[in-house]
2 protein chains.
Amino acid sequence: MQKSDPTLGDRAARTRGRPRAFDRALALARATRLFWVKGYEATSIADLTQAMGIGAPSLYAAFGSKEALYAEALRHYEATYEQLVWAGFHSAPTAREAVSAFLLDSASALTGAPDDHPLGCMVTLSAVGSEGHAELGELVRSARAVTLQRLQARLSAAVAAGELRAGTDIHARARFYQCIQAGMSILARDGTPRAELEAVARQALAQWNV
Amino acid sequence: MQKSDPTLGDRAARTRGRPRAFDRALALARATRLFWVKGYEATSIADLTQAMGIGAPSLYAAFGSKEALYAEALRHYEATYEQLVWAGFHSAPTAREAVSAFLLDSASALTGAPDDHPLGCMVTLSAVGSEGHAELGELVRSARAVTLQRLQARLSAAVAAGELRAGTDIHARARFYQCIQAGMSILARDGTPRAELEAVARQALAQWNV
DNA sequence: CTCTTTTTGTAGCAATCGATACAAAAATAC
DNA sequence: GTATTTTTGTATCGATTGCTACAAAAAGAG
């Protein structure tokens, strides 16, 4: 009677029963790509089962529902691609270098580097909240809010460290960089090349001390 | 046998036949709002007929198909709301004032001013191209490209007029302002208040001579 | 009035939507 | 071996999708 907990993933101790015939992680990665490119509503279960190479019952047994699969795809996306944008930011010694890495690495990652993934950010471009799925909408909305929080925290530390003058409006400055990175996703999806987004990043960084 | 040409709208000379019982322009405005908020795929014909206050046969007789209705809604959107963002840009005496008006008016319009319309730009936020409708996708993509073209043309004129130094990278600068306005739509849809987007605009304008 | 034209509401089309019932299949437990 | 458990593929479920056939209704043309 008891079903396997999907959240346990492949680590679930399945001692009995027919073994799963597909790679759950690989299937999740393929579902993530599909949601990333087409969005939630435009991606059908038939699209998913075809891309994942499994039947519908296998999908539902492993992931629960379309909404649950999207939520898990979102977590997979963050776990896999977040570092492309934030690794340099976190390891930078100064706030200016951190923001510079954030914007330049965004220009790179959002245009498909280094593994030719879809253009633009799945979180930034997701409109699932407006499509009538409030719960998933809150999920991506809160994920988008993290960008602002991190920028704000780093800029606050920069003021405390004397890197930025005390009067600097931290919140407005964080919004500024968040806005630019969000815009990059729109431009990237339309095919704007990496070099042009990097030029945008440099332009944004040119006025650090204003 | 001959059907009325939907493109003629209300100006079609209908001398015979039962008169249309609804306001075509009002119905189109309501359809536009729905597509604006929910996007193409997530908006169903049932949603549309309910919001427009008409039956499905009336919708198809007046607008042709869901795709044709979306295309016409897009034109209605541009004709109605474009001026909110571009009027000040076009009438400004200098390029700097033009770009300033473009960004500040965008901050205003994208947060619902002055008539409490949906948040964000319908054109910027549309993902209809990724949802599997290539023709409509090209429509919104080319609409997005207009922003870059206008900025670039105005900045080029500014260089010719000596407002900007000759070495300025016009294309990169235009991309920069386009990127910021695109980002504003993402932030606005998440509820970022107008004042914060205006602060972003001022921050972007602070480095005109860099 | 009758004839023609166009719109209307009802009712329903084939196709697809997300999701499942079911039994064969494939593993372990005993 | 038999019993138990879980996944598999097939074949669907009811609901919804975009769209339309049809006839009554409402207008002008003659």
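Convention: sequence-line order gives letters A, B, ...; per-chain numbering from 1.
Side-chain nitrogen and oxygen atoms of B/S58 include none within less than 4.0 Å of the OP1 or OP2 phosphate oxygen of C/dT7.
As rounded to whole Å, 11 Å separates atom P of C/dT8 from atom CZ of B/F63. Look at CG on A/L69: it is 10 Å from P on C/dA19, rounded to the nearest Å. Following rounding to the nearest Å, B/R20 (CZ) and D/dG28 (P) show an atom-to-atom distance of 16 Å. Rounded to whole Å, the distance from CZ on A/R16 to C1' on D/dT2 is 12 Å. In this structure, B/L34 places its CG atom 11 Å from P of D/dG18, rounding to the nearest Å. Atom pair B/Y40:OH and D/dT17:P shows a separation of 13 Å (rounding to whole Å applied). Atoms OH (B/Y70) and C1' (D/dG18) sit 17 Å apart, rounded to a whole Å. We find that CG of A/L48 is positioned 13 Å from C1' of C/dA19, with the value rounded to whole Å.
Note on A/T43: only backbone sugar-phosphate atoms sit closer than 4.0 angstrom, heavy atoms only; bases stay farther off.
Mapping A/S44 and B/L59 onto DNA chain C via the closest heavy atom, the residue that lands nearer the 5' end is B/L59. Take the nearest nucleotide of DNA chain D for B/S65 and for A/G55: the residue whose nucleotide is more 5' is A/G55. When each of B/G17 and B/D47 is assigned the nucleotide of DNA chain D bearing its nearest heavy atom, the one mapping closer to the 5' terminus is B/D47.
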Can you give me every donor-acceptor pair (side chain of residues 48-58 of chain B, partner residue at least two apart or in another chain, under 3.5 Å) with its distance?
unit_1: B/T49; atom_1: OG1; unit_2: B/I45; atom_2: O; d: 3.2
unit_1: B/T49; atom_1: OG1; unit_2: B/A46; atom_2: O; d: 3.1

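By the side chain to side chain contact (heavy atoms under 4.5 Å, CB included) test, B/R150 is found to be paired with B/E82, B/W86, B/F89, B/H90, B/V146, residues two or more places apart in sequence or in another chain being considered.
Listed here is the closest heavy atom pair of B/A109 and B/V85: CB-CG2, 4.1 Å. Heavy atoms only, all atoms of each residue included: A/L110 and A/C121 are closest at CD2-N, 3.5 Å.
For the pair B/R175 and B/Y177, the cation-pi test (distance below 6.0 Å, angle within 45°) is failed. For the pair B/R24 and B/F22, the cation-pi criterion (under 6.0 Å, within 45° of the ring axis) is not fulfilled.
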Could you go over nucleotides 20-25 of chain D and give all protein N or O partners under 3.5 Å, atom names and distances?
unit_1: D/dA25; atom_1: N3; unit_2: B/R18; atom_2: NH1; d: 3.4

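Of the candidates C/dC17, D/dT17, C/dA29, D/dT17 carries the atom nearest the B/A46 side chain, counting heavy atoms from C-beta on. Of the candidate nucleotides C/dG18, C/dT8, D/dC19, C/dG18 has the atom nearest to the side chain of A/I45.
Residue B/D115 places its CG atom among more than 12 non-hydrogen atoms of other residues, nucleotides or ligands, all under 6.0 Å distant.
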